[in-house]
Amino acid sequence: MSDKPENPNYKRIWATVLLIPKGKVASYGQIADLAGLPGKARLVGRALGFAPKSIKVPWHRVINSQGKISFPIGSEHFEQQKGLLQTEQVVVLNGRIKLKEFQWQPDLSELLFKLEY
DNA sequence: TAAGTGACGGAGG
DNA sequence: GCCTCCGCCACTT
């Protein structure tokens, strides 16, 4: 059996993912940035893979920057993630999600709205 | 120590 | 929108 790696940044990543509101999604890179780990998107993916069930991290709300689910279409993981997202009213079409509609935009959304342009 | 791997991202075609 | 290439980084072999 292989021991599971314990990178201290994992907790930071899990905590950030927990902030994503229901019905919204965020990209791996976005989570990395918010967690104070810019450029470490791949680390986010790994962290989610090691996330203990006891923390109940909404891993399904994290997708790649292209707005797609990062599992092969049809795989067990893919179907599970798609199902969970649809449960939250997020539209998944061909493994794709319209970031324009469903991407989480913390605080900044309000600013952009006020600025008008 | 070097090479391979992957739940990534961005630029280009 | 799709694909390829390259840079990136933690971890494995």
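Quick note on labels: first sequence line is chain A, next is B, and so on, each numbered from 1. What you are looking at is a predicted structure, and each value in this text was computed from that prediction instead of being measured.
The side-chain hydrogen bond (donor to acceptor under 3.5 Å, both in side chains) pairs that include a residue from residues 59-69 of chain A are A/His60-A/Glu88, A/Arg61-A/Glu88, A/Asn64-A/Ser70, where partners are two or more places apart or lie in different chains.
For the residue pair A/Phe102 and A/Gln89, the shortest heavy atom distance occurs at CE2-O, 3.7 Å. Closest of all the heavy-atom pairs between A/Phe71 and A/Ser75 is CB-OG, 3.7 Å. Annotation for A/Asn94 and A/Ile73: closest pair O-CD1, 3.9 Å, computed over non-hydrogen atoms. Taking all atoms of both residues into account, the shortest heavy-atom contact from A/Asn9 to A/Asn7 is N-OD1, 2.8 Å. Looking at every heavy atom in both residues, A/Leu18 comes nearest to A/Val57 through CD2-CA, 4.2 Å.
Distance alone, capped at 3.5 Å, is enough to place a donor-acceptor pair between the A/Lys24 side chain and the A/Glu101 backbone. With A/Gln81 contributing its side chain and A/Ile63 its backbone, the two residues share no donor-acceptor pair below 3.5 Å. Of the possible donor and acceptor atoms, one in the side chain of A/Gln30 sits under 3.5 Å from a partner among the backbone N and O of A/Trp104.
The closest side-chain heavy-atom distance from A/Pro106 to A/Leu19 is not below 4.5 Å. A heavy-atom distance below 4.5 Å is found between the side chains of A/Ile13 and A/Ile31.
For the segment residues 64-86 of chain A, residues with any heavy atom less than 4.0 angstrom from an atom of DNA chain B are, sorted by number, A/Asn64, A/Ser65, A/Ser70, A/Phe71. Of the residues in residues 40-47 of chain A, A/Lys40, A/Arg42, A/Leu43, A/Arg46 come within less than 4.0 Å of DNA chain C through at least one heavy atom, sorted by number. A heavy atom lying under 4.0 Å from DNA chain C marks none of the residues of residues 15-38 of chain A. Listed by residue number, there are no residues of residues 90-104 of chain A with a heavy-atom contact under 4.0 Å to DNA chain B.
Taking atom CG of residue A/Asn9 and atom C1' of nucleotide C/dC11, one finds them 14 Å apart after rounding to whole Å.
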Atom pairs and distances, side-chain donor-acceptor, residues 34-54 of chain A, under 3.5 Å, sequence neighbours left out:
none

